[in-house]
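Chain identifiers are assigned alphabetically (A, B, ...) following the order of the sequence lines, protein sequences preceding nucleic acid strands; residue numbering begins at 1 within each chain.
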Amino acid sequence: MLLVKYLREHTKEAIEGLSKRKLDAEGLIKDAINADDERIKLQQEKDEVLSESNQISSKIGDLYSKGEKDEAEKLKTESKVLKEKAGVLEESFTNAEARLKDILMNIPNIPHGDVPAGKGDEDNEIFKEAQNMPDNIEGVPHWELAEEYNLIDFELGSKITGAGFPVYLGQGAKLQRALINFFLDSAVKEGYTEIEPPLMVNEESAFATGQLPDKEGQMYHVPVDNLYLIPTAEVPLTNLYRNVILNEDQFPIKLTGYTPCFRREAGSYGKDVKGLNRIHQFDKVEIVQIQHPNESYKILDEMRDYVENLLQQLELPYRILKLCGGDLGTASAFTYDMEVYSGAQEKWLEVSSISNFESYQANRLKLRFKDKESKKTQLAHTLNGSALALPRIVASLLENNQSKEGIKVPKVLHNYTNFDMILKSNS
RNA sequence: GGAGAGUUGGCAGAGUGGUCGAAUGCGGCGGUCUUGAAAACCGUUGUGCCGCAAGGUACCAGGGGUUCGAAUCCCUUACUCUCCGCCA
């Protein structure tokens, strides 16, 4: 959520910035400012009435203690009238506040100056081209390999749960565990604190990081307890700091966590959902940082470099995209996407999204810090990234590393898997 | 799941209808003292909103109610603790 104050003082920049999302925000911003004017007016009226009523009440107290009951009784009726008036104003005020919030919720974050304008993924900019594209891979897609080597059973998953809930078997399961451990160990080495969070969150948390109300249909919901299965560890990890005022010297806050992620993926179909390309439950290691606003873009680059390094260690062909305005998530001001090449499908698969939300999420979270110089509290910046999401990494590993002898496991994982080749005989 | 007790500022902990945004202690910050530090002493120290400011207003787990007036009384939800039941 953006601050109205910002929209007031930087109306032109806001409209310009949002136009990169191909969004004409002029009307929305005007509405927000009008709603805010109304809110301010009502608060002033309300406070005035309350102030008067408070004064009378304390006068009544005085009169009673002096024994002047008749005077006191007279004031009581007066106070009652004021109280009713305040009640009405209070209600209008609450409504005005809600209206304002409603409008603000519908305004996405303002893209950073370097974000290219554009409508959708066709307008994303290639930030870094692939360096190590594989020679023509003669091979089969990963879902066939998964079956051939008995690594993943999609049908068993369908039987016990439903489509999009794969069962990993034998070396396939081991490979999962190896990747998770490799990612977590790397993040910890990089200074991130490992967290194991709950896999379900309450409504408040889902609101604070922005999954609600926009993405309600994308989350699994447990109605008896009104809890949501997390679509990413970002939700619990970032919410750890909901309603917190930090001291400046607590920066930087760096968190990592492995969790399964649950996504309904309503509306997805066709080739995109084949095999591991898009599934309802998948494993991911997430990195989150909470930072001083002055540092956040430097940090974003560091996070990008960190994730890039992971891909290099996995010896996968990858490229880095800078998302255009239209492809940017609602809460993000700047996002890099990492894609790995899937040799047999001959397409790019997104495996990480690294974003700076600036203060957009922090505003919803009420995540602030005390500025040392001004001694005022201000909103912190939040950032996060996948480091990394497993299924598409696995898809790419299997497809790119297949050969007649078996599927080669990248060196960096050998200590974790205890095997360097995936073989049919091992399954 | 059943019964009971509780939830107050960074922490501990007073406060059971008016003078309470809240005593006191600890912690934090600033200062005096000191070669420096500690101790001691003095001062200061929650958050949101409105306001140029003075100041106003709201917040004592969340929501609702009683009352001229609520941290304090009532209802309700959540959470914590104790006992019983069940159990990885």
Exercise. Does A:E204 pair with A:R242 as a salt bridge, N-O distance under 4.0 Å?
Worked result: yes
Problem set entry | Ionic contact status for A:D37 with A:R8, cut-off 4.0 Å | yes
Would you say the side-chain atoms of [X] pair up with the backbone N or O of [Y], donor to acceptor, closer than 3.5 Å?
X: A:R21; Y: A:L328; answer: yes
X: A:E295; Y: A:H292; answer: no
X: A:Q218; Y: A:E265; answer: yes
X: A:R368; Y: A:Q378; answer: no
X: A:N363; Y: A:S359; answer: no
X: A:Y258; Y: A:N181; answer: no

Exercise. Taking atom types as modelled, is there a side-chain donor on A:N95 or A:S92 under 3.5 Å from an acceptor on the other?
Worked result: no
Problem set entry | Pair A:E148, A:Q402: side-chain N/O donor-acceptor within cut-off below 3.5 Å | no
Whole-Å [atom1] distance, [N] and [M]:
N: B:C86; M: B:C26; atom1: P; value: 49 Å
N: B:G13; M: B:G31; atom1: C1'; value: 28 Å
N: B:A58; M: B:A40; atom1: C1'; value: 40 Å
N: B:G10; M: B:A3; atom1: P; value: 35 Å
N: B:C68; M: B:A54; atom1: P; value: 35 Å
N: B:U24; M: B:C41; atom1: P; value: 15 Å
N: B:U67; M: B:G18; atom1: C1'; value: 12 Å
N: B:A70; M: B:U57; atom1: P; value: 13 Å

So which nucleotide does [N] pair with, by the Watson-Crick or G-U wobble rule with both distances under 3.5 Å?
N: B:A38; answer: none
N: B:U66; answer: none
N: B:G27; answer: B:U45
N: B:C83; answer: B:G2
N: B:C33; answer: none
N: B:U7; answer: B:A78
N: B:G21; answer: none
N: B:A71; answer: none

Determine, for [range] in 5'-to-3' order, which nucleotides have protein heavy atoms under 4.0 Å from the base (write B), from only the sugar-phosphate (write S), or from neither (write -).
range: nucleotides 43-57 of chain B; result: ----SSBSS----BS
range: nucleotides 7-12 of chain B; result: ------
range: nucleotides 62-81 of chain B; result: -----BBS------------

For this session: Look up atom CD1 in A:I15 and atom CD in A:E26, then write down how far apart they are to the nearest 0.5 Å.
Result: 4.5 Å
Exercise. Which of these, A:S355, A:C324, A:P111, sits in a side chain to side chain contact (heavy atoms under 4.5 Å, CB included) with A:T335?
Worked result: A:S355
